[in-house]
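Right, one structure below, let's go through it.
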Amino acid sequence: MHTRPPLFTPARRRQARRTAALALCTALLAAGCGSSQDTDRNAKATASRAAGFPVTIDNCGVKTTYDKPPSRVVTIHQHPAELMLSLGLKDRMAGTAFPDSAVLPELAKEYASLPELAKKEPSFETVLDKEPDLVYGGYGSAFDEKEGRSRKAFRDAGIDTHLNREYCGKKRVTMDDTYEEIRTVGKIFGVSDRADRLVSDLKARVDRAAKTVADEPDVPVFVYDSGDKTAFTAGGKSLGTELIQLAGGKNVFAGLDDVFGDVSWEQVVERKPEVIAIYDYAGAGSIEQKKEFLLAQPALKDVPAIRNKRFVVLPLTATLVGVRSAYAVEDLARGIHPKSFG
């Protein structure tokens, strides 16, 4: 429960505009100025004439009609921010939150210049203080109802929301979801041409890596996200499984009927992975800590990947629906089939 409204809710901003319009009309009465309602109608008419608008998007069961491209966006989680920056939309970004891992080098400077609202998910009021017209969330937790950040709460405040399609409850996540997410965001902001170019570039990047290892035998790969008593790993419905496949590998837990899940160390040993892909993200221990833990487990000593110390490190953001996943294919392919890259 929030004890006070933000200083400027969308409704208050609209009232402020009406007041300003009335004052202007009084000053310019001789020029035949219309009412504040006329001003609002004219503004809406102008917005609706924006090329390609209005646009209606059905996102995770929430339909939103955009009369014009959003101009003040708060992104919650790193991968939506990187996607927007990759589409050249920095000027539309009012702030971001929850950095997960190192940012793509080509985006690092722009990302660092964005106002950081919180190290984790920001509060509802913190977001509203930036006066956004759209909140774009990466994980489902961006719109956690228990934390007062439900999509309905934002809608009631006059703010649109968009959730990364990975969290729309689909049974399986693929690279096609990445491409579709980019195209959808392109439509929302009226930059479909940029989105199409970005998708083409990312597809070309994936194709180059996949073709390089196309004639190599599949290498068994175990994904280690976290865990000590058990291993938290990527299942068959995760995007990580497809990334590994494109990179010339096979997820040893592709048969796990989930996006992520816990498995026993005995199961890991049975599957004899030759490479371990370690997911890197804040709050789960450093990469060195994870490697040391795996190498120190007596039960794993005969696992080929442990015996040969074959690890590939992937930022967690590179395994999600966003621009990083295409880069992950090449990183994985180099780690799985290093000789193919010279």
Side-chain angles (χ1 to χ4, degrees), residues 86 104-106 166 171-183 196-225 231 233-261 263 267-280 287 290-291 294-295 300 302-342:
S86 297
L104 275 175
E106 56 263 45
E166 185 167 356
K171 293 183 178 180
R172 186 164 183 264
V173 186
T174 70
M175 283 299 293
D176 285 340
D177 289 301
T178 287
Y179 304 139
E180 188 57 31
E181 179 74 6
I182 293 169
R183 290 192 181 102
D196 289 340
R197 286 196 298 271
L198 179 57
V199 167
S200 294
D201 290 346
L202 295 179
K203 283 186 174 181
R205 180 180 289 274
V206 171
D207 288 344
R208 283 194 300 270
K211 286 177 182 177
T212 301
V213 298
D215 296 328
E216 299 290 342
D218 288 345
V219 171
V221 178
F222 162 57
V223 172
Y224 179 59
D225 178 289
T233 190
K237 292 180 179 177
S238 70
L239 181 57
T241 292
E242 184 178 10
L243 300 180
I244 291 168
Q245 183 178 353
L246 289 166
K250 180 180 180 181
N251 180 2
V252 296
F253 287 103
L256 182 63
D257 191 29
D258 209 337
V259 176
F260 281 94
V263 297
Q267 288 175 302
V268 175
V269 172
E270 289 169 1
R271 285 160 174 75
K272 301 178 181 178
E274 295 179 21
V275 174
I276 296 177
I278 301 178
Y279 284 2
D280 183 23
I287 288 300
K290 288 183 177 182
K291 286 182 180 178
L294 292 169
L295 291 170
L300 302 180
D302 292 327
V303 170
I306 296 295
R307 191 170 60 243
N308 299 314
K309 297 182 180 180
R310 292 192 64 190
F311 301 104
V312 181
V313 177
L314 288 179
L316 181 63
T317 47
T319 69
L320 304 170
V321 167
V323 295
R324 298 290 287 272
S325 51
Y327 292 75
V329 174
E330 182 178 349
D331 292 341
L332 277 167
R334 287 181 179 277
I336 296 171
H337 297 288
K339 293 181 181 179
S340 297
F341 291 85

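Remember, it's a predicted structure, so these values are computed and weren't measured experimentally.
Nearest heavy-atom pair, Leu246 versus Val206, reported as atom, atom and distance to 0.1 Å: CD1-CG1, 3.9 Å. Here the closest non-hydrogen pair linking Gly335 and Pro338 is O-CD, 3.8 Å. The shortest non-hydrogen separation linking Thr241 to Gly236 is OG1-CA, 3.7 Å. When all heavy atoms of Arg307 and Asp302 are compared, the pair lying nearest together is NH1-O, 2.9 Å. Closest of all the heavy-atom pairs between Ala209 and Val329 is CB-CG1, 3.9 Å. In terms of heavy atoms, Lys250 sits closest to Asp218 at CB-CB, 4.4 Å.
Residues Leu295 and Lys309 form a side-chain contact, since some pair of their non-hydrogen atoms from C-beta on lies under 4.5 Å apart. Using a 4.5 Å heavy-atom threshold, the side chains of Lys237 and Asp257 count as touching. Put simply, the side chain of Val219 reaches to within 4.5 Å of the side chain of Ile336, judged on heavy atoms. With a 4.5 Å cut-off on side-chain heavy atoms, Arg324 and Pro315 count as touching. When side chains are defined from C-beta on, Asp280 does not count as touching Leu316, because their heavy atoms never get closer than 4.5 Å. The shortest side-chain heavy-atom distance between Met175 and Ser325 falls under the 4.5 Å cut-off. Between Pro273 and Val221 the shortest side-chain heavy-atom distance does not fall below 4.5 Å. Asp177 is not listed as a side-chain neighbour of Glu181, based on a closest heavy-atom distance of 4.5 Å or more.
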Test Phe222 against Thr233 for side chain to side chain contact (heavy atoms under 4.5 Å, CB included), laying out the working first.
-> CA-CA 8 Å; Phe222 162 57; Thr233 190; 3.7 Å; yes
Begin from the C-alpha positions of Leu314 and Ile278 and carry the test side chain to side chain contact (heavy atoms under 4.5 Å, CB included) through to its verdict.
-> CA-CA 6 Å; Leu314 288 179; Ile278 301 178; over 6 Å; no
Hey, mind stepping through Tyr224 and Tyr279 against side chain to side chain contact (heavy atoms under 4.5 Å, CB included) and telling me if it holds?
-> CA-CA 6 Å; Tyr224 179 59; Tyr279 284 2; over 6 Å; no
Would you sort out whether Leu300 and Leu294 count as a side chain to side chain contact (heavy atoms under 4.5 Å, CB included), showing the intermediate values?
-> CA-CA 7 Å; Leu300 302 180; Leu294 292 169; 4.1 Å; yes
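No side-chain donor-acceptor contact under 3.5 Å links His337 to the backbone of Glu216. Side chain of Asn251 to main chain of Ala234: a donor-acceptor pair is present (N/O by atom type, distance under 3.5 Å, no hydrogens or angles). Remark: the backbone N or O of Val252 is paired with a side-chain donor or acceptor of Arg271 at under 3.5 angstrom. In this structure, the side chain of Ser200 engages the main chain of Asp196 through a donor-acceptor pair within 3.5 Å.
If you take OG1 on Thr174 and CD on Glu166, they are separated by 10.0 Å, rounding to the nearest 0.5 Å. Summarising the geometry, atom OG1 belonging to Thr178 is positioned 8.5 Å from atom CD belonging to Glu242; distances are rounded to the nearest 0.5 Å. Note that CZ of Phe341 and CD of Glu330 are 6.0 Å apart. Values are rounded to the nearest 0.5 Å. One distance of note links OG of Ser86 with CG of Leu202; it measures 7.5 Å at 0.5 Å rounding.
Annotation: cation-pi pair Arg205/Tyr327 present, NZ/CZ under 6.0 Å from the ring centroid and within 45° of its normal.
No more than 12 heavy atoms of other residues, nucleotides or ligands sit less than 6.0 Å from atom CD of Gln245. Within a 6.0 Å sphere centred on CG of Asp215, other residues, nucleotides and ligands contribute 12 heavy atoms or fewer.
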